[in-house]
Amino acid sequence: MELVEGILKKDKRSAARLITLIEREDPKAVDALKKLYKYTGNSYIIGITGPPGAGKSSLVNELAKRMRAKGKTVGIIAVDPTSPFTGGALLGDRIRMQDLTLDPGIFIRSMASRGSLGGIAKATYDAINVLDAFGMDYIIVETVGVGQTEIDIVKVADTVVVVLVPGLGDDVQAIKAGIMEIADIFAVNKADREGADKLVTEIEMMLDLSQKEFLMRPPIIKTVATTGAGVDELEAKLNEHLNFILKEGLLAQRRKVKARENFMELIKFEIGKRIFQEKGQIIETLIDEIFEKNTDPYTAMEKLLQTIIKGES
Amino acid sequence: MQEGQTIRVLIAKPGLDGHDRGAKVIARALRDAGMEVIYTGLRQTPEQIVEAAIQEDVDVIGLSILSGAHNVLFPRVMELLKERGVDDILVIGGGVIPHEDIPYLKECGIAEIFTPGTPISQIIDFIKNNVKK
Amino acid sequence: MFDRESLKKLEQEKIRWESTTVKKVTEKTPERYEKFLTGSNLEVNRLYTPLDVQEMDYMRDLGFPGEYPFTRGIQPTMYRGRLWTMRQYAGFGTAEESNKRYKYLLSQGQTGLSVAFDLPTQIGYDSDHPLAQGEVGKVGVAIDSLKDMETLFDEIPLDKVSTSMTINAPAAILLAMYIAVAEKQGVSPDKLSGTIQNDILKEYVARGTYIFPPEPSMRLITDIFEFCSKHVPKWNTISISGYHIREAGATAVQEVAFTLANGIAYVEAAIKAGLDVDEFAPRLSFFFNAHNDLLEEVAKFRAARRLWAKIMKERFKAKNPKSMMLRFHTQTAGSTLTAQQPDNNIVRVTIQALAAVLGGTQSLHTNSRDEALALPTEESVRIALRTQQIIAYESGVTETIDPLAGSYYVEHLTNLIEQKAMEYINKIDELGGAPKAIEKGYIQQEIQESAYRYQQEVESGRRIVVGVNKFQIEEEPPKNLLKVDPEVERIQKEKLSQLKATRDNLAVKNALEELTKKAASSDNLMPAIITCVKTYATLGEICDALRRVFGEYKATVSF
């Protein structure tokens, strides 16, 4: 298996190609992923999310530079939304990571969310495993967070950084929308702007009022990605968080939750796919019947289950 | 390449000129044609372009240049691709490029050069008909 | 201007005309489009009458030439006194070659020089920098040190010509070199006239040749303002440029709005740096684009002039009328040139140049027909210059001032463009001014939207470009295009290493260290830069000395 060998030998082209096969749902990808799985679990996976324009890519750029300065290797996966109308996507995160392009210890992949309903595509999860097996010390997954994606990043990351900026107007609302629950660390980026302190106070208040019991209260770091201010501290907090979850046995716990989540996803995905492949016609007929009011969706579902269990077609 | 697969394109601006109107208009048009477009910004060296193309495993590299340095920078991109053993990426170019330079650029392996005034639909068709993967 | 009674009558008559005379015709032959648009997508009515300008107050809105609000022109006699400066942007290859071209242009009746620099020079790299590879001498002349600058202006008396230099990020350094060359010719700085573009904001937005981040860049600019107001009083310290914004795809309204918004930012920066508005504002100049939609462009220039006058008077409380005058250079629109049937470009350039003249420009560059293909040949440049001369001496449009004033359509468009531009400026103010709006990507996005819409209109055939999407022919590829000798790069590198071997390197080192020190202070940087250039420190070395303190700008906005 060329690709697997290549990846284990740290060949970037092999890794890049496998990610493409994953995105294309090529059966060859599954073969490779099977072989690679045992080599995964060694990377520290950081999720970075936040609203568009928060400066996430610039922050990732600065973080990665600092990690590299300490001799660590970094894989970066930047996920941007696919246009629901055309299926195309503009992936511009690399613009802010130009410094990293030629660094041998860095691998950057831009991914479009494609059809995935879950925000973080299944492909992203697999791509993380590829970079994990490749041997990256850190894997940073950057997603544009609006709604569901932000929550989904929990399913892949060991530590989640939520990036906010003053003056976007919807800060508090965004926090209410669920980011609160997933952030291990808050970064208030563009902190040289007016309103940064106010935003920090707002986040503090939210944390105070939260029903959630924190094992480690999320720290709030002020950063200015364009100058690098505060990024050292952010990096320190990341390592602190990692040490904390390692020490408390939380990392293992988290990863087990993640393994469950991802396996459940896989079950839903594969079983759904199978059923559509094999029972497509029956499903279409049932939809017609539901529409014509000849049956109801619940009875139809029971009928479908019957055919599956009995193996009828 | 199989029917229905998403084409990935790297739009790159080698050289020092900052005129990215064309590059950005093309990027958007390709996006609207259902492609995934990676844009890397201004002042990219051939080395950066090739490395990004490999990591992103793109099907197409679109090079845009208006400064007149195409005869140096385009062939350099092709040379680096070759050094890295990459032969399945379609490379196209555009910008203010004199007609008489085109044969040389094609000889170096650039599949097509699109000069100002080319309808974007023509570029999209060319990509769809010529991707190699 | 019109009495209520006759307007009412006119309105009734217009309705009658539309429902009878017009209707009869449109029933048989409908108009070509349901909606007519200007080149910038403003809606155009079938007919304009006094009804469309009924709010106009002659003295308030138009006034007289040379007087506030300068709608009709900034000089009392306009072209009856002196024609505009015919200034062809040129420069390529080595300083020797460019010097030859300048002498040729001057001998052909050109009245001012306009220097194009190559990209490494514009971005502060010497010719031997790895990123300069393939770019040396390509889009302009390569200048590495004062040596090259001495060659560039050899035998050209700097007290007799005015020189415009398209240089932005390293403008202070090139100006310092110009001052040093003049000194060697025995010409003192106060005798020098010319312009440096020096407009960094539009580089972040549209042109891309930036070096330093916005804050130190703005400081360099205000340092120049201050230095020149004392030592080089006839120098235009900035040319606030809408040209490139328009080239990037902006509409006429956006061109006016974003240029003046940048202008406001410079004025604010200078005031904040402690300068008095009437001390530097008279030396501000502007640079606009001239597109194909003749009447819209004329209206654009008039609207820009009136709007800037109001801004300076009302917002910045300028007292000196010269501070309120929008003086501008115009270049015809490079983006309208087609590679197909290139001779058609001569006609386009004529229309565009006419718009600039009817709009009251102070100087003009006409593009050459072959510029969509390569750098222009000498013959093409001559035709472009002749185009200006024919407008000046044969067309008759120069004999009276602002001849299109009073056209219902042009006055209506002037009002409309001013109003829409003001709306944009208000929006930009809300975002915290031009630098913040640029940082947020607002201005870039607005321009990109327009550029994309235009492209879609061309693709769909709604907008016709002759020879491109209609009236195409099979044609032979053009021949005899100008080629820059690839030897230039080698020659330039050789000169550079020779220079470094022969100059006083200790003096260079000391001067550069001093500059770095000054950069970290708040002192005016011009004197230290002049000292550096005189030691023959290279442009790249000087920029590096500044980079050490200022850092480099990185684009963060994508789409």
Side-chain angles (χ1 to χ4, degrees), chain B residues 11 13-33 37-48 64-77 94-103 113-124, chain C residues 92 118-120 122-123 125 130-139 203-204 206-210 244 247-249 334-335 337-340 370-375 444 447-448 451-452 454-456 458-459 465 467-469 472 476-479 481-484 486 489 554-556 558-559:
Chain B
I11 297 290
K13 274 200 65 60
L16 299 179
D17 82 89
H19 300 99
D20 56 0
R21 173 184 180 166
K24 286 181 171 173
V25 165
I26 296 270
R28 288 184 62 160
L30 297 184
R31 190 263 319 258
D32 288 349
V37 184
I38 296 132
Y39 180 60
T40 50
L42 301 178
R43 301 187 198 171
Q44 295 296 286
T45 62
E47 286 78 6
Q48 284 174 312
S64 163
I65 198 165
L66 285 92
S67 72
H70 50 267
N71 277 346
V72 176
L73 299 175
F74 283 11
R76 181 78 186 127
V77 169
V96 178
I97 293 169
H99 214 276
E100 54 206 41
D101 291 349
I102 294 176
I113 297 287
F114 299 100
T115 50
T118 312
I120 294 182
S121 53
Q122 195 180 316
I123 300 173
I124 292 169
Chain C
F92 59 94
D118 71 357
L119 286 163
Q122 294 187 47
I123 302 177
Y125 296 130
L131 274 171
Q133 204 195 358
E135 306 276 11
V136 177
K138 281 279 157 55
V139 302
E203 296 295 333
Y204 302 128
R207 194 165 170 270
T209 60
Y210 39 72
H244 316 90
E247 286 291 293
S335 63
L337 300 178
T338 63
Q340 298 80 357
D370 45 5
E371 282 180 83
L373 303 160
L375 283 172
Q444 297 91 313
I447 296 171
Q448 275 169 40
Y452 195 50
Y454 174 84
Q455 187 61 36
Q456 285 175 318
V458 173
E459 299 275 320
V465 184
V468 173
N469 64 356
Q472 300 99 318
E476 284 282 301
K479 289 189 188 77
L481 298 172
L482 183 83
K483 278 239 146 157
V484 177
E489 190 164 325
K554 281 199 296 182
T556 55
S558 41
F559 290 97

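Lettering of chains follows the sequences in order, A, B, ..., and the numbering in each one begins at 1. Just so you know, these numbers use all the heavy atoms, side chains as well, and skip hydrogens, waters and symmetry mates.
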Between the CZ atom in B:R43 and the OG1 atom in C:T209, the distance rounded to the nearest 0.5 Å is 7.0 Å

Can you tell which part of C:Y454 gets under 4.5 Å to a heavy atom of chain B, answering side chain, backbone, both or neither? side chain

Need one label for C:Q133: side chain, backbone, both or neither, based on atoms under 4.5 Å from any heavy atom in chain B. both

Counting only non-hydrogen atoms closer than 4.5 Å, does C:Q122 touch chain B with its backbone (N, CA, C, O), its side chain (CB onward), both, or neither? neither

Largest heavy-atom contact set with chain B, pairs under 4.5 Å, which of C:T338, C:I123, C:V139: C:I123

Sub-4.5 Å side-chain heavy-atom contact between B:P116 and C:Q340: no

Between C:P486 and chain B, which part of the residue has a heavy atom less than 4.5 Å away: side chain, backbone, both or neither? neither

Does NZ or CZ of B:R31 lie under 6.0 Å from the centre of the six-membered ring of C:Y452, at an angle within 45° of the ring axis? no

How long is the span from the CG atom in C:L119 to the CG atom in B:L66, to the nearest 0.5 Å? 10.0 Å

Relative to chain C, which of B:A29, B:P14, B:G41 shows the most heavy atom pairs under 4.5 Å? B:A29

With a 4.5 Å heavy-atom cut-off, do B:I120 and C:E459 have their side chains touching? yes

Applying a strict 4.5 Å limit to non-hydrogen atoms, the region of B:I102 in contact with chain C is neither

Output the distance between atom CG (C:L373) and atom OG1 (B:T115), rounded to the nearest 0.5 Å. 8.0 Å

Flag side-chain contact, heavy atom, 4.5 Å: B:R28 against C:Q448: yes

Pick whichever of C:D370, C:D118, C:L337, C:L131 has the most heavy-atom pairs under 4.5 Å with chain B. C:L131

Do you know which of B:T118, B:D32, B:L73, B:T45 has the most heavy-atom pairs under 4.5 Å to chain C? B:D32

So which part of C:E203 gets closer than 4.5 Å to some heavy atom of chain B, the side chain, the backbone, both or neither? neither

I'd like to know if the side chain of B:R21 reaches the main chain of C:E247, judged simply by a donor and an acceptor atom lying under 3.5 Å from each other, with no hydrogens or angles considered. yes

Given that the side chain runs from C-beta out, which part of C:E135 has a heavy atom under 4.5 Å from chain B: side chain, backbone, both or neither? both

If you round to the nearest 0.5 Å, how far is CD of C:Q444 from NZ of B:K24? 7.0 Å

Top contributor to chain B contacts, counting heavy-atom pairs under 4.5 Å, from C:A451, C:P130, C:A339, C:A132: C:A451

